[in-house]
Amino acid sequence: MDLQIRGKKALMAGGSAGMGRATAERLAEAGVELYISARREERLRNAAKEMSDKYDTAVTPIVADSSTEEGRKALFSACPDPDILAITIKPPAPNGDFLEVTPAMWRDSIDTALIGPIEIMRNYIPVMKDKGWGRIVNIATFSAKNPMIWRLMSGPARSALINYTASVSREIAQHGVNINNILPGMFATEGAEEIMETYAEAFGLEKSKEVIIAHFMEHNKIPAGFQAVADDMAPMAALLCSPLSRFIVGQNIVIDGGQHHSLF
Ligand SMILES: NC(=O)c1ccc[n+]([C@@H]2O[C@H](COP(=O)([O-])OP(=O)(O)OC[C@H]3O[C@@H](n4cnc5c(N)ncnc54)[C@H](OP(=O)(O)O)[C@@H]3O)[C@@H](O)[C@H]2O)c1
């Protein structure tokens with residue numbers, strides 16, 4: 001299928017690893033000029049070079065922390081006018097006992113998972129409106145719709161994010177600018193691996209990858225029967241970045257192997 005985005009400009013905020021990287025790959029494959037950002041420089045530069053070599057397209061790395069004003073300024077000046085914007089972060093660490101969650105932890109979660117994406121969208125929406133076309137995709141989390149006691153640093157801030165995009169997307173769709181969100185379940189990514197130790201601590205497990213994954217699979221029944229990889233969501237993200245998705249507005253697409261049991 002031709003996504004009809006060849007020659008467009010895309011910014012993947014959080015594009016050096018995991019689902020952001022997989023989405024960036026699908027966009028590069030479809031022929032977009034790509035900008036990818038992340039905080040850790042070496043992995044980011046390697047990812048940009050690998051994608052640019054593989055897909056023979058320009059991939060510009062931007063070292064920037066989306067949760068800070070300074071980081072966002074770096075994004076805006078390096079890539080002032082994308083046609084396509086996708087945004088992600090790394091999975092926040094499990095919180096352990098909910099009674100131990102402090103105001104500082106809430107502020108960090110809100111800065112990273114809510115204010116960062118909102119401020120990036122708020123900067124680019126007028127640019128896209130002026131062009132008369134744009135696509136925005138947030139890669140958030142299925143715990144926005146499916147609350148889990150150990151995902152307090154991830155779910156509540158994303159519930160607010162999808163509430164925000166539900167309103168804003170309907171305000172701007174008339175200008176050809178669509179916002180949709182992908183809500184992933186459990187994926188084997190670099191970010192998931194990085195929080196495994198904290199997961200083990202939260203559930204009192206031995207710090208072994210096999211033990212942790214077995215615990216996760218047992219306690220989070222996934223009808224599909226396996227833990228996904230990043231490219232299990234990237235084709236959907238790329239479709240939402242395309243003109244082919246012109247009638248898809250303000251939606252939250254859960255990709256979780258059927259784990260979240262609900263009608264909508
Ligand atoms: N993996 C899962 O099982 C899972 C489950 C449910 C929901 N999710 C959600 O899916 C999304 C993607 O997760 P993932 O597992 O793909 O993560 P990942 O493998 O850690 O990839 C995250 C990417 O974003 C970058 N990033 C993280 N924080 C950033 C920041 N503040 N500013 C700029 N770039 C940042 C990372 O690079 P740097 O770290 O170098 O900045 C990396 O390129 C997250 O929203 C996560 O909460 C994941």
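Nothing here was measured: the structure is a model prediction, and the numbers come from that model. For ligands, and for the atoms within them, numbers begin at 1 and follow the listed sequence. We number each residue from 1, following the sequence as shown.
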With distance as the sole test, does N123 use its side chain to make a donor-acceptor pair with the main-chain N or O of P80 at under 3.5 Å?
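No: the side chain of N123 does not pair with the backbone of P80.
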Please list, in number order, the atoms of ligand 1 under 4.0 Å from a heavy atom of [X].
X    : answer
G18  : 16 (O), 19 (O)
R43  : 36 (C), 37 (O), 38 (P), 39 (O), 40 (O), 42 (C)
A192 : 1 (N)
G191 : 18 (P), 19 (O), 20 (O)
D65  : 30 (C), 31 (N), 32 (N)
R158 : 45 (O), 46 (C), 47 (O)
M186 : 3 (O)

Would you call [X] and [Y] a salt bridge, taking side-chain N to carboxylate O under 4.0 Å as the test?
X    : Y    : answer
R26  : E29  : yes
E190 : K90  : no
E50  : K54  : no
E69  : R72  : no
D111 : R107 : no

Closest to [atom] (judged by heavy-atom distance), picking from [options]:
atom                    : options               : value
atom 16 (O) of ligand 1 : M19, K90, E193        : M19
atom 42 (C) of ligand 1 : A140, G15, S16        : S16
atom 17 (O) of ligand 1 : P91, A230, G155       : P91
atom 33 (C) of ligand 1 : A64, G14, A47         : A64
atom 11 (C) of ligand 1 : I120, D111, T88, L161 : T88
atom 13 (O) of ligand 1 : T189, N138, I89, V63  : I89

Starting from [atom], find the nearest protein heavy-atom neighbour and note its residue, name and distance.
atom                    : value
atom 35 (C) of ligand 1 : R39 NE, 4.0 Å
atom 7 (C) of ligand 1  : T141 OG1, 3.4 Å
atom 5 (C) of ligand 1  : G185 O, 2.9 Å
atom 39 (O) of ligand 1 : R40 NH2, 2.7 Å
atom 34 (N) of ligand 1 : A38 CA, 3.5 Å

Is it true that P92 lies under 4.0 Å from ligand 1, counting heavy atoms only?
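Heavy atoms of P92 do come under 4.0 Å of ligand 1.
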Is there a path of hydrophobic side-chain contacts, each under 4.5 Å between heavy atoms of I/L/V/M/F/W/Y residues, joining L239 to V249?
no
Quick check for you: to the nearest 0.5 Å, what is the distance between I213 atom CD1 and E218 atom CD?
14.0 Å
So Y199 and H215, ring pair (Phe, Tyr, Trp, His ring centres under 6.0 Å) or not? Walk me through it.
CA-CA 10 Å; Y199 182 94; H215 181 273; 5.7 Å; yes
Between R135 and S245, a side-chain donor and acceptor under 3.5 Å
yes
Looking only at N/O atoms, are [X] and ligand 1 under 3.5 Å apart anywhere?
X    : value
F187 : yes
E194 : no
A17  : yes
S66  : yes

Listing request: all side chain to side chain donor-acceptor pair (under 3.5 Å) pairs with a residue in residues 159-180, at least two apart in sequence or in separate chains.
T165-N181
Set out, in order, the CA-CA distance, both residues' side-chain angles and the distance that settles salt bridge (charged side-chain N to carboxylate O under 4.0 Å, His left out) for E70 and K73, then state yes or no.
CA-CA 5 Å; E70 191 192 355; K73 274 190 189 150; over 6 Å; no
Sub-4.5 Å side-chain heavy-atom contact between L11 and I62:
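The answer is yes; the side chains approach within 4.5 Å.
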If every non-hydrogen atom of S16 is compared with every non-hydrogen atom of R21, which pair is closest and at what distance?
C-CB, 3.8 Å
